[in-house]
*Asks:* 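A single structure is presented below for examination.
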Amino acid sequence: MKSSVLKQYPELVALTLVGLLAAAFFSFTSPRSVSSVWLIASFLCIFGILYFSMSLIVKITGMNRKLSHIVQRMIVWGMAGTATSFLALQSIGMLTTRDVFIIIALYLFGCFFVLKSRR
């Protein structure tokens, strides 16, 4: 039973590993005392958690059967990247309503462009 679940959902293993890495990193560091390289690494961990979570949700809901692999990955990368960019802007105090609208518009334009170019 366990091996079939792990074979069916490899994102679950990756999500667990990235989550444990992020939890260890965030529990032992302070944002004020680390260099910017480590802050970028922390946002990459957050991106990894969001990416694998959304990929797992897409697989569990069955959307992966309805969408092509490229479109599915583009949507998951875009959603995880958008959420991570919101978190990064919020962490430095630069997130405004205008930024939210611009990022969402760019994401929707990118989705439209990729979907139209695939036909």
*Asks:* Once you round to the nearest 0.5 Å, how far does CZ of Phe47 lie from CG of Leu50?
*Replies:*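 Answer rounded to 0.5 Å: 8.0 Å.
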*Asks:* Is any side-chain heavy atom of Leu108 less than 4.5 Å from a side-chain heavy atom of Phe112?
*Replies:*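 No, side chains not in contact.
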*Asks:* In terms of hydrophobic clustering (I, L, V, M, F, W, Y; side-chain heavy atoms under 4.5 Å; direct or indirect links), are Ile46 and Val37 co-clustered?
*Replies:*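 No; Val37 is not reachable from Ile46 via cluster members.
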*Asks:* In the structure I gave you, are the side-chain heavy atoms of Leu87 and Ser91 within less than 4.5 Å of one another anywhere?
*Replies:*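 In short, these two side chains do not touch, never coming nearer than 4.5 Å.
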*Asks:* Which atom pairs, donor and acceptor, lie under 3.5 Å between side-chain atoms of residues 69-80 and protein residues at least two apart or in another chain?
*Replies:*
| residue | atom | partner | partner atom | Å |
| --- | --- | --- | --- | --- |
| Arg73 | NH1 | Tyr51 | OH | 3.3 |
| Arg73 | NH1 | Ser55 | OG | 3.0 |

*Asks:* Are Ile57 and Ile49 grouped together when hydrophobic residues (ILVMFWY) are joined by side-chain heavy atoms under 4.5 angstrom apart?
*Replies:*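 Result: no, two separate clusters.
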*Asks:* Under the side chain to side chain contact (heavy atoms under 4.5 Å, CB included) rule, collect the residues that match up with Ser33, sequence neighbours excluded.
*Replies:*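 Ser33: side chain to side chain contact (heavy atoms under 4.5 Å, CB included) contacts with Ser30.
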*Asks:* Examine Ile103 and Met94 and state if one hydrophobic cluster contains both, with Ile, Leu, Val, Met, Phe, Trp and Tyr joined whenever side-chain heavy atoms are less than 4.5 Å apart.
*Replies:*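 Ile103 clusters together with Met94.
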*Asks:* Output a table of donor-acceptor pairs, distance under 3.5 Å, between side-chain atoms of residues 12-26 and any protein atom two or more places apart or on a different chain; print 'none' if there are none.
*Replies:*
| residue | atom | partner | partner atom | Å |
| --- | --- | --- | --- | --- |
| Thr16 | OG1 | Leu12 | O | 2.8 |

*Asks:* So which residues get pulled into Ile40's cluster when ILVMFWY side chains under 4.5 Å apart are joined, directly or through others?
*Replies:*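 Taking Ile, Leu, Val, Met, Phe, Trp and Tyr as members, Ile40 shares its hydrophobic cluster with Leu44.
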*Asks:* Is Phe43 linked to Ile92 within one hydrophobic cluster, defined over Ile, Leu, Val, Met, Phe, Trp and Tyr using a side-chain heavy-atom separation of less than 4.5 Å?
*Replies:*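 Phe43 and Ile92: one cluster.
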*Asks:* Quick one: hydrophobic cluster around Leu106, which other residues, with the 4.5 Å side-chain cut-off, linked directly or via members?
*Replies:*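 Its cluster mates, by chain and number, are Ile102.
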*Asks:* Could you tell me which residues satisfy side-chain hydrogen bond (donor to acceptor under 3.5 Å, both in side chains) with Thr61, sequence neighbours excluded, listed by chain and number?
*Replies:*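 Expected list: none.
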